[in-house]
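Naming convention: chains lettered A, B, ... in sequence-line order (proteins, then strands); numbering from 1 in each chain. What you see is a predicted model, and the numbers here were worked out from it, not measured in a lab.
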Amino acid sequence: MAESAKTEEEKRRAAGDEEPETEEDSTSELMKKIEELSIIPEKKGPIDDPGESEIQAVTSGNTVYEAAVKFEDLDLSKELIKGLYVAMDITRQSKIQAISMHMITTPPYKDLVAQAHNGSGKTTCFVLGMLSRIDPTKEGPQAMCICPTRELAQQNKAVLMRMGKFTAITSMCAIPSDSASYVPMYKRPEVKEHVVFGTPGTIKKLMTAKKLRTCNIKILVFDEADHMLAESGFKDDSERIMRDIRRESGGCQVLLFSATFNETVKAFVSHVVRDGNQIFVKKEELTLEKVKQYKVRCYRDREHPDECLKTKVIKQILDFGRMIGQTIIFVQTREGARNLYKELSKEGWDCTAIQGALNIEHRDKIIKEFKDGLTLVLITTDLLARGFDQEQVNLVVNYDLPVVYESLKRGSPEPDCEVYLHRVGRTGRFGRNGAVFNLLGSREEEAMLEMIEHYFQHSIPKVDNWEDEKNLKKAIQDSGLM
DNA sequence: AAAAAAG
């Protein structure tokens, strides 16, 4: 099943790559594609994913927006339409795209806070929004996107370059660079590119060094906005960047995107974009139907307290996982990532590990190898919990459950349900199948997973007797993989 | 403790 889906995917990809490059040919190819689209599924309108049915939109003021059923309804340039259909191979709009695109691309360009499920195409919304607002004949930044990690900034930039392939729009990443190629801010040239993707620290430094002119910014995006605006360490920088750019640009459009907005953040961001449009999803509706979640109980043995059963379970899961696609294993700490990597690679298991303490060259290399499909198993901290998009990932393993740090200090560990949701969202993207295994090494961890089940009103089945490989295999089969 | 950043 997964096999056939994959080959079909690959076929389409290959076909896309062999697209004739001459202007006439690719345009007629485009027209053909558009024709096909208008006869096939449009009566059904936007993708009717079961998981996407509960999106609620609140528009501000008396601006009337119509849902855009097709991208052609959006008054986009033909270069952008071509980018969507030919370079991106996007055929239909997802629900979040249908609801939000007019809000983003239509005057009076109101601010927007938009929540939608993991893997439902939020990036396409804001990247298309940015591209549509840019005048490529003018030099310098006209759109900016703030991200929580270097990896996400780079990934988003890659999406923009692909979607804007047939335009003259340029982009750059403002993220920390490796020590060898570091250039002090005062020595840098002024940013000439149209779009800047970056992390808060580097963006802020470029702005204060006057190397990043923000007066022509028309659209400012915060990806993973709830995180950027609520988490200490990000909050102050993000707010300052938003305030400065709003002032300098004379009131640019601000877009806040994330899969999660808890009640506290919701109240706060609604204040930030007071006159804006809002799209929210109920938290019970956020779990992905296509992703099957499991718990595996592997408590430490009283007779062998040093033996780590979790590692044993991992190896069993990887036996299957490596046959069907790529796997991401989440751990809580940097040291945990190092240790598990050592443990697995020592015994000849082919895997890599990434965490924030690695040097930048190494980080980039690990990500590239994984995105290229050269490595099948990636161990990571919550560095990759949000936003990381790799369609071949069909297995996620929570070696450790995400914990709210403050609750640890209080002595009663609570799970971080939002991080849990984001981790789960690394698989099952765009309606694909996926499976998540939660390894429970103690009574406390079992209790935490119960709290997660309660939070999402979604019960997670247990895989009994994991020592027998058949049971793990059956779980993977039940999730539609293999 | 993870994420960013520090030059």
Side-chain angles (χ1 to χ4, degrees), chain A residues 144-156 173-188 196-209 211-212 222-242 258-260 265 328-341 353-364 366-367 378-388 398-423 425-426 444-445 448:
Chain A
M144 198 185 284
C145 174
I146 318 291
C147 313
T149 62
R150 315 174 56 254
E151 284 70 19
L152 202 46
Q154 288 171 310
Q155 179 179 289
N156 287 337
C173 273
I175 55 179
S177 52
D178 59 75
S179 44
S181 53
Y182 181 77
V183 180
M185 288 296 153
Y186 71 94
K187 281 190 185 166
R188 297 192 190 191
V196 180
F197 293 89
T199 48
T202 309
I203 296 264
K204 211 176 66 176
K205 278 199 291 182
L206 278 170
M207 281 167 62
T208 45
K211 302 298 182 184
L212 184 51
F222 285 85
D223 196 6
E224 308 299 342
D226 60 323
H227 200 229
M228 302 305 291
L229 293 172
E231 201 70 16
S232 67
F234 283 126
K235 189 174 191 289
D236 292 352
D237 285 351
S238 296
E239 283 177 352
R240 203 186 122 188
I241 290 169
M242 192 192 299
S258 181
T260 51
V265 184
I328 295 182
I329 303 173
F330 283 102
V331 296
Q332 195 58 20
T333 65
R334 295 169 173 188
E335 198 189 357
R338 275 191 292 259
N339 289 341
L340 183 57
Y341 171 72
I354 187 171
Q355 34 89 0
L358 286 187
N359 68 45
I360 281 162
E361 296 94 321
H362 201 167
R363 268 167 80 157
D364 288 344
I366 303 282
I367 293 293
L378 179 56
I379 301 163
T380 181
T381 58
D382 284 326
L383 172 65
L384 295 187
R386 284 172 174 260
F388 184 70
N398 284 320
Y399 188 88
D400 303 315
L401 290 176
V403 189
V404 175
Y405 184 56
E406 289 71 28
S407 75
L408 264 188
K409 289 192 290 194
R410 285 195 298 269
S412 56
E414 286 165 28
D416 191 325
C417 296
E418 299 193 338
V419 173
Y420 178 84
L421 187 78
H422 283 281
R423 287 182 181 184
R426 293 319 97 215
E444 287 72 34
E445 291 182 320
M448 282 208 295

Problem - Shortest non-hydrogen separation from A:Gly387 to A:Gln155 and the atoms involved - result: O-NE2, 2.8 Å
Practice task
Nearest whole angstrom, please: distance from the P of B:dA2 to the CZ of A:Arg363.
Solution key: 13 Å
Exercise for the section: Name the nucleic acid region contacted by A:Arg386, choosing base, sugar-phosphate or nothing; use a 4.0 angstrom heavy-atom cut-off, strictly under. Expected result: nothing
Exercise for the section: Quickly work out the A:Leu229 CG to B:dA4 C1' distance and round it to whole Å. Expected result: 15 Å
Exercise for the section: For A:Pro184, answer base if it contacts any base atom (sugar-phosphate contacts may also be present), sugar-phosphate if it contacts only those atoms, and nothing otherwise; contact means non-hydrogen atoms under 4.0 Å. Expected result: nothing
Exercise for the section: Can you tell me the distance, in whole Å, between the CG atom of A:Asp237 and the P atom of B:dA5? Expected result: 9 Å
Practice task
Check every strand shown and say whether A:Glu231 touches a base, only sugar-phosphate, or nothing at a heavy-atom separation below 4.0 Å.
Solution key: base
Exercise for the section: Scan side-chain atoms only and decide if A:His422 and A:Thr260 contain a donor-acceptor pair under the 3.5 Å cut-off. Expected result: yes
Exercise for the section: Using the six-membered ring for Trp and the full ring for Phe, Tyr or His, decide whether A:Phe234 stacks on the six-membered base ring of B:dA4 (centres under 5.5 Å, planes under 30°). Expected result: no
Exercise for the section: Give a yes/no answer on whether the side chain of A:Arg150 brings an N or O atom under 4.0 Å of OP1 or OP2 in B:dA3. Expected result: no
Exercise for the section: For the pair A:Lys235 and A:Glu239, find out whether any cationic side-chain nitrogen is under 4.0 Å from an anionic carboxylate oxygen. Expected result: yes
Handout entry: Atom-pair distance (CE on A:Met207; P on B:dA4), nearest Å
Key = 20 Å
Handout entry: Rounded distance (Å) that lies between atom P of B:dA2 and atom CE of A:Met228
Key = 19 Å
Practice task
Check the distance between B:dA5's P and A:Tyr182's OH and give it to me in whole angstrom.
Solution key: 11 Å
Handout entry: A:Tyr420 OH to B:dA2 C1', straight-line distance once rounded to whole Å
Key = 19 Å
Practice task
Report yes if at least one side-chain N or O of A:Thr381 is closer than 4.0 Å to OP1 or OP2 of B:dA3; otherwise report no.
Solution key: yes
Completion exercise
In whole angstroms, the gap separating C1' of B:dA1 from CG of A:Asn339 amounts to 15 Å
Exercise for the section: With A:Arg150 as the cation and A:Phe388 as the aromatic partner, state whether NZ or CZ is under 6.0 Å from the six-membered ring centre and within 45° of the axis. Expected result: no
Exercise for the section: Can you figure out which of B:dA1, B:dA4, B:dA5 approaches the side chain of A:Glu151 most closely? Expected result: B:dA4
Exercise for the section: Could you tell me whether A:Glu406 contacts a base, only the sugar-phosphate backbone, or nothing, with contacts defined as non-hydrogen atoms closer than 4.0 Å? Expected result: base
